[in-house]
Every structure is written in structure tokens, then in C-alpha cells.
Amino acid sequence: MMVLKRKGKWSPEKNKYYEGAWAQGNGYIQMRASFEEDLSGASQDEHYWRLPANVTLEEARNPVSKWGVYVPGIYGKHPILGEEIVNLPYPMGIQLYQDEERFDMGLSDYSDFAESLNLKNGVLTRHFVWNTAAGSLEAEYTRYASLQNQHYIVQRAELTAGQDMEIRVESFVDAAVTTNGYSHFTDTKLFHQEGLWAEITLDSGQMVCMKCFCKFEDGDYYKEESSRTEQRLREIWKLRLKKGEPFVFYKYTIIATSLDWKDEADGMILSGPFGDLLRLRERMVTLELDAQRLTLKAHEEIWAKRWSESDVQIVGDKRLQDSLRFSIYHLLRAFPWSSQAAIDAKGFAGEAYFGHYFWDTEIYLLPFYLYTTPQKARSLIEFRYRMLEGAKKNAARYGYPGARYPWECCQSGLEQCSNWQYGDMEVHVTADVIYGLWHYCKATGDTEFLLNQGLEMMVETARYWCSRVDWAGDTCHLLGVMGPDEYLAFTNDNAYTNYMVKFALKQTLETLKIAGGERKNELGVTDLEMEEFQKVHDLLVFPYDEDAHFIWQCQDFDHFADVEFDKVWKDRSKPFGHFISQEKNYRSKALKQADTLGLFSLFPNAFDQETKKNCLEYYEKITTHDSSLSYVIHALVHAGVKDAKRSYEFLQKSMEIDLAQRGAAEGIHIANAGGLWQAVVCGLAGFSGVGKDGQPVFHPALPEHIRAIRFGLRLNGGRYQAEVTADQVTVTKEVG
Ligand code: BGC
């Protein structure tokens with residue numbers, strides 16, 4: 001299935017799901033799959049206070065439709081929620097009128113509705129026949145975010161009337177939009193100038209410019225007076241359609257922002273907002289020249305290259321194959337245009353998580369890029385380096401030296417999580433960032449990055465940890481932390497966190513040794529400080545019961561209350577969190593998601609099989625999987641203990657998350673998409689990184705019905721093709 005399809009009756013209940021699940025993007029422009037026209041009952045300008053809320057339980061607003069057009073790196077400042085992504089003016093508007101009748105999927109009489117998203121080339125197509133009072137009008141809209149020029153959205157409309165008919169077409173851009181109920185626009189200039197222009201200044205000081213213009217193929221049409229309301233600009237055409245003769249027109253949208261030259265050496269004489277505005281206008285003129293040379297073919301060639309680098313073939317399981325390709329599509333689409341941004345938790349397909357970046361990046365997403373297109377993995381790590389100054393300020397705000405990466409990161413590196421429990425306590429992200437950095441350097445051999453930017457990140461975060469720990473005699477502890485299981489908010493010595501911190505300190509010490517004295521001096525690291533790193537590494541406790549071969553999630557885990565799941569969790573189709581107060585949840589043994597088990601997927605060789613099995617046995621029974629990040633870890637760990645059957649059961653649950661018609665309305669679960677890739681490639685096919693000899697290592701756990709898994713891998717500059725079958729692993733080195 002490289003083409004997703006739906007047809008029949010359009011359903012308002014499912015509309016938002018499709019808007020999210022079928023989102024398109026090219027890295028610079030990201031857009032939800034909303035319709036071209038206004039939908040009745042789906043106002044886009046609703047203002048409301050979205051207040052800090054428990055993320056598992058929050059009810060979303062805008063039930064029928066939510067437009068969303070985003071540029072990663074463009075953000076606004078919310079007075080309570082901090083920095084968030086900005087929903088930009090909607091530029092894709094095309095409205096059809098026949099006389100006074102307006103086409104609206106919710107109100108009009110139509111037939112033959114069909115919509116599809118082609119995962120091969122990211123093209124969205126909608127077809128319908130509108131039965132107007134004057135007869136039928138067949139319409140087909142297609143659109144894509146161009147990969148040939150990432151500043152462009154290209155739309156095509158083909159209209160065929162069943163009889164001669166005159167219709168009116170309105171192309172519009174609409175600035176009456178909000179992000180999470182809030183408008184970040186401090187200045188909105190809308191004007192006509194050979195098209196529709198929107199120049200927006202945001203409360204972050206950034207600027208965005210959009211221009212929309214239409215091109216008509218031959219046919220009988222004329223332009224009417226353009227029109228505007230306060231927040232909407234329109235260009236209007238009258239078309240005289242001839243029975244059965246298709247009429248085609250294109251709408252182009254160019255988007256440029258003040259981020260575009262951030263990485264260039266600045267030779268501008270005029271700086272500040274006025275300079276930015278001049279530069280933006282200049283840039284728009286240059287970009288517009290490109291409209292002539294844009295072709296679908298060129299766009300498709302770039303998509304084809306991406307697929308050839310990243311595809312995974314699964315022989316014998318169509319559902320898994322389809323689901324993985326759907327995930328890969330989103331991983332390719334959502335990857336940002338520059339290291340000025342990372343990938344937000346909703347894959348830029350909605351606003352639910354404010355466009356924030358979490359540990360999802362390093363732990364769930366990075367491996368896919370690292371082993372298919374390593375330069376993209378580097379961009380994600382570079383983003384964290386860009387955030388280092390912010391992370392230092394963040395540590396200082398909490399009263400610590402060094403750098404503390406925020407649980408929820410946006411564009412400054414300062415903590416953006418408005419719920420104190422997560423923001424204050426979920427400190428493991430700082431160690432996860434170093435894990436990601438180490439993983440990248442190990443798989444690519446990029447020692448230059450490791451010894452320069454990487455070591456700086458390591459040293460600064462190590463300084464933070466040394467100050468964050470508490471000492472009790474000759475052991476040291478991380479008190480008051482939230483592990484990945486967010487249903488225990490305030491715990492001591494969370495095994496996952498402590499292990500990751502120890503790992504990060506170990507890598508820091510080893511890298512300092514390799515880097516040598518000069519680099520050490522540059523970073524101001526003294527021998528005494530290195531001893532401190534070593535001491536914390538050695539004496540930070542890890543709650544492991546050696547006799548029982550068991551890891552406690554945290555020191556005090558057994559003291560939390562037992563839950564009678566069957567009594568409390570009355571309807572398992574809803575999250576467990578809906579059936580218990582937060583207060584009670586916080587003192588109970590009910591896990592939101594995989595916590596300790598995460599260690600076995602990150603360090604497959606560090607623990608014995610008995611420990612893994614005991615932990616699976618114990619934690620699985622009390623894990624609610626209320627977070628979409630949970631199933632894939634269980635799938636990976638079961639594969640690690642060679643239980644292909646259980647692993648596959650968890651994979652099936654993970655496949656449903658965004659493909660079944662729920663969940664994706666407020667954006668897709670991109671961590672699950674990256675996790676699914678890992679569960680197939682690193683779980684079932686058993687790829688577990690590079691061995692001591694620099695060659696890839698495999699420990700497959702293939703379910704019986706899967707005959708083969710084939711995929712490409714990039715390691716240490718080399719390119720490999722792998723094929724895993726029931727009785728054999730074949731790895732061919734292609735290049736390098
Ligand atoms: C999960 C976190 C995750 C976040 C963003 C939460 O529901 O518990 O682990 O980082 O979503 O995906």
C-alpha cells in the first residue's frame with residue numbers, strides 16, 4: 001500500500017483524524033490535510049485559554065476541523081504555556097460557487113467522494129462530484145509541498161461540468177487562525193500585489209511572508225474584482241465551463257521566513273525588523289522566479305531517492321509492511337529543513353504538544369535517520385548543540401551549574417513544560433541527549449563532532465549531574481525524579497534515569513581521555529572535576545537486586561499501592577488515566593509506559609536474559625500503555641529475549657496507533673513511527689549496531705509468518721543491504 005485511500009460518504013467525525021494522519025510536508029512547510037474550502041461549523045478563529053493540563057486526559061477543541069500550516073523553527077510566545085509552534089495563515093483556500101451556492105462538504109449535495117494520499121510522492125488528491133442546482137460539477141484537487149523548492153506548496157484543480165456552466169472560483173489566504181486558541185500575530189499585513197500577500201510579525205519577533213498566485217491553463221475565464229475582509233484576502237475568477245471539457249488551474253504558495261538567513265554570514269546594513277522585512281521581500285521575488293521550473297517529476301525524483309535510502313521490505317505481512325511504510329512516510333516528511341529545529345512530538349501534524357521536542361528525538365526517532373541518512377541524525381544532534389546555551393541558562397534557573405536540557409524544548413533551550421511535575425522532575429532527558437550524541441558518533445565514526453561540540457555538551461551536562469545528586473554517606477542518589485513512567489511523579493533513584501546518567505558520565509570521562517589535555521583545558525575541566533565525574537559515576541546507586549535478577553523501577557517502588565486493574569479500569573478502550581484521579585495514580589503501581597524495560601532496548605547486551613524476563617513478567621502486568629511510546633519498547637524487549645510471538649503482538653498494537661481511525665486528530669505519534677522502524681529492524685530483524693570489528697551485528701527473532709525482511713543500512717560511512725530470513729542473515733556491503 002503506497003497509496004492510502006478513502007471514499008464514500010465524508011464523515012465530520014473522522015475529518016480531523018485524516019487532517020492529522022494524512023499531513024504533508026517537505027521539511028520547511030508542514031501542513032495538515034484540511035480541505036481547500038471552509039467547512040460549516042468549523043471556525044478556525046476560536047480564541048480560548050488553553051491552560052496547563054494533564055496531557056493524557058486533555059480534551060481537544062475544534063471537533064470537526066483544524067487547519068494547520070507550520071514552519072519548524074517558527075514559534076510564538078504564549079503568556080502561560082511558553083514558546084510554541086505557530087499555526088500560520090491558511091494559504092490553500094479555494095472556494096467554489098455556482099450562483100449563490102457555495103461548495104461545502106458538510107452541506108452540499110455531492111457524490112463520488114474519494115481522497116488519497118500517495119506515500120511515494122506525498123501528493124494528496126480529492127475527488128468529488130458536486131450536484132449543483134445548475135447540474136453536476138466534477139472536481140479533482142491535488143496538492144503537495146514541493147521538494148524541488150521547499151518554500152512552495154503546489155495545488156492543482158481540475159473542474160469538469162456535466163453541462164455548460166458558469167462558476168466562480170475564489171482563491172483565498174486566511175489569517176483568522178489561532179494556535180491552541182491563541183493568536184501570536186502582532187502585526188498582520190494582507191495586500192494584493194499580483195497575487196495574495198500576507199506579511200506576519202510574531203510575538204517572538206520572527207517574520208513570515210506568504211504569497212499565493214494562480215495560473216490558469218487555456219479556457220474561458222476572466223478575473224473579477226479582488227476582495228478582502230479584515231483577515232481574509234481573495235482573488236476571484238469566473239469560469240465558463242464547457243460540457244465535458246476539463247478546466248485546469250494551479251495555485252502556488254511561497255512561504256519564506258526570517259529564519260532563512262540565520263545561518264548565513266550577515267552582510268546586511270539594516271538590521272532589526274525593518275531589515276528583516278526588506279530581506280524577506282527580496283527573497284520572495286527570487287523565490288517566485290522558481291515557479292516556472294517547478295515540476296511534479298522533479299519533486300517525485302527526490303521522493304524516490306528518499307524511499308530508496310529508507311524503505312524496508314517485509315515479505316509475508318502486508319499489514320506490517322503498510323504500517324511501516326506509513327511510518328516511514330511521516331519520518332521522511334517531518335524531518336526539518338535545518339538544524340534550527342528538531343522534530344516535535346506530533347510530527348508537525350497538529351498542535352497538541354505545542355510543537356515541543358522531547359526525549360522522543362534521541363530515543364525513538366534518531367536511530368531511523370542514523371542508519372539510513374546519517375547526515376540527518378547529525379542535524380538533530382546539532383540542534384541540541386544549538387540549544388546548549390539555553391540549557392545552561394535552564395540549569396542556572398534551577399540553581400545548578402552546567403547544562404540541563406529541558407523536558408519540553410522549543411527554540412530557546414529553556415524549559416517550556418507548563419506542568420511542573422514533568423518540567424521539574426523528568427530530568428532523564430539530559431542524559432538521553434548524551435546517549436543520542438554517543439549513538440550518532442559510534443555509528444558514524446564522527447570523532448570530530450564528538451571531540452568538539454559533543455564533548456562540550458557532555459562536560460556541561462556532567463557538571464549539572466554532579467550538582468543534582470544527593471549524597472548519603474558514600475552512596476549518591478537522584479532524589480525527586482520522574483522516570484519515563486510519568487504515573488509516578490516523585491521517586492528516588494529511578495533505575496532508567498540513574499543508568500543513563502552513569503552511562504553519560506562514563507562516555508564523558510572516556511571522551512575527555514581521548515581528547516587530551518589541551519581540549520580539557522579549553523573546557524576548563526580540572527583533574528579534580530574529572531574525579532568528581534568518576535565518583536558520581538561509581539557511587540550513583542542502581543536499584544538492582546542481584547539475587548533475584550531484578551531491577552526495581554525506583555528504590556521505593558514496592559512501597560507504592562497495588563491497583564486492582566479489573567475494578568478500576570472499566571473500559572479498556574480508553575486510557576487507564578481516565579479512571580483514576582491523578583492523586584491516586586501518583587501513589588499507585590500503575591505504569592503509564594515502559595520505564596525500566598527501556599534500558600534493555602537501549603543496551604541490549606548489558607543485562608542477562610533472566611533479568612530481562614523477570615522484569616518483563618513483573619512490569620508488563622502493571623503497565624497501562626497510556627502513552628503511545630510504550631508498545632514499541634515491549635516489542636523490542638520481547639524480540640531481545642527471542643519471544644517473537646509476544647513481540648509481534650505488541651507490534652500489532654503499535655501499528656494501530658495512527659493507522660486505526662483514532663489518535664492522529666491532533667497530530668501523529670511520530671515517536672511510535674520511529675519506534676516501529678526500530679521494532680522491525682532492531683527487534684524482529686535483530687540489527688543491534690556495530691560490533692567490535694566495525695561490522696553490523698544481528699540477533700533476529702522473526703515470527704514464523706514473516707518470510708524475509710530487507711533493508712538498507714548506513715554504518716561508518718559504508719552502505720549495506722541486509723536480508724533476514726528464518727534461517728539466514730545476508731549482509732552485502734554496497735559502498736564504502
Ligand atoms: C509521554 C512522553 C513523551 C511525550 C511526547 C507523553 O505522553 O509520556 O514519554 O515524551 O508524550 O511524545
Side-chain angles (χ1 to χ4, degrees), residues 25 27-32 44-50 66-91 150-151 153 173-191 196-212 230-233 253-263 268 270-284 287 336-338 340-342 344 346 348 350-351 353-357 383 386-387 390 408-414 416 418:
Y28 191 83
I29 302 173
Q30 298 290 348
M31 58 218 205
R32 283 166 64 82
Q44 300 290 336
D45 58 352
E46 197 190 354
H47 284 253
Y48 57 89
W49 278 107
R50 185 170 166 196
K66 181 79 174 83
W67 292 341
V69 176
Y70 316 102
V71 173
I74 287 292
Y75 74 101
K77 287 188 174 168
H78 190 286
I80 297 167
L81 302 170
E83 299 166 7
E84 68 170 340
I85 196 166
V86 177
N87 180 18
L88 299 174
Y90 192 67
Q150 288 179 298
H151 295 268
I153 302 169
V173 60
D174 193 315
V177 294
T178 63
T179 312
N180 283 309
Y182 189 81
S183 173
H184 292 287
F185 306 162
T186 52
D187 187 28
T188 309
K189 285 196 183 68
L190 300 179
F191 52 94
L196 310 170
W197 282 78
E199 276 175 6
I200 308 284
T201 308
L202 303 172
D203 49 16
S204 59
Q206 293 172 325
M207 292 182 104
V208 179
C209 195
M210 282 182 177
K211 181 178 182 184
C212 308
E230 203 189 331
Q231 304 273 41
R232 179 176 290 201
L233 277 183
T253 297
I254 309 172
I255 304 181
T257 71
S258 53
L259 290 179
D260 292 3
W261 48 86
K262 211 171 156 199
D263 289 334
M268 277 289 278
L270 276 171
S271 59
F274 190 58
D276 276 354
L277 182 62
L278 288 183
R279 217 158 170 173
L280 258 183
R281 286 191 178 157
E282 244 174 52
R283 189 159 170 72
M284 293 295 282
L287 284 169
W337 62 288
S338 143
Q340 291 185 54
D344 85 314
K346 291 291 170 186
F348 303 113
E351 293 152 27
Y353 280 107
F354 313 101
H356 291 171
Y357 318 119
F383 171 77
R386 281 175 178 262
M387 293 297 111
E408 292 188 25
C409 183
C410 194
Q411 294 305 127
S412 65
L414 293 172
Q416 301 305 323
S418 47

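For the numbers below, each heavy atom of this structure counts, side chains included, while hydrogens, waters and symmetry mates do not. Along the sequence shown, the residues carry numbers beginning at 1.
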Identify, with sequence neighbours excluded, every residue that meets side-chain hydrogen bond (donor to acceptor under 3.5 Å, both in side chains) alongside [X].
X: Q150; value: none
X: Q231; value: none
X: T257; value: Y28, D260
X: K189; value: D187

Can you measure from [atom1] ([X]) to [atom2] ([Y]) and round to the nearest 0.5 angstrom?
X: Y357; Y: I85; atom1: OH; atom2: CD1; value: 6.5 Å
X: M210; Y: L196; atom1: CE; atom2: CG; value: 11.5 Å
X: L190; Y: I200; atom1: CG; atom2: CD1; value: 6.0 Å
X: F354; Y: Q416; atom1: CZ; atom2: CD; value: 10.5 Å
X: D45; Y: S183; atom1: CG; atom2: OG; value: 10.5 Å
X: Y353; Y: N180; atom1: OH; atom2: CG; value: 12.5 Å

Who passes ring pair (Phe, Tyr, Trp, His ring centres under 6.0 Å) against F191, sequence neighbours left out?
W197

Distance-only criterion, 3.5 Å: show the donor-acceptor pairs between side-chain atoms of residues 69-77 and protein atoms not counting sequence neighbours.
| from | atom 1 | to | atom 2 | distance (Å) |
| --- | --- | --- | --- | --- |
| Y70 | OH | E351 | OE2 | 3.1 |

Tell me yes or no: between the side chains of [X] and [Y], is some donor less than 3.5 Å from an acceptor?
X: T179; Y: E84; value: no
X: H151; Y: R283; value: yes
X: Q44; Y: D174; value: no

Which heavy atom of G413 sits nearest to which heavy atom of M387, and what is that distance?
N-SD, 3.3 Å

Nearest non-hydrogen partners of G355 and D344, listed with the distance:
CA-OD2, 3.2 Å

Side chain [X], main chain [Y], donor-acceptor under 3.5 Å:
X: H356; Y: E83; answer: yes
X: Q30; Y: P336; answer: no
X: T201; Y: T186; answer: no

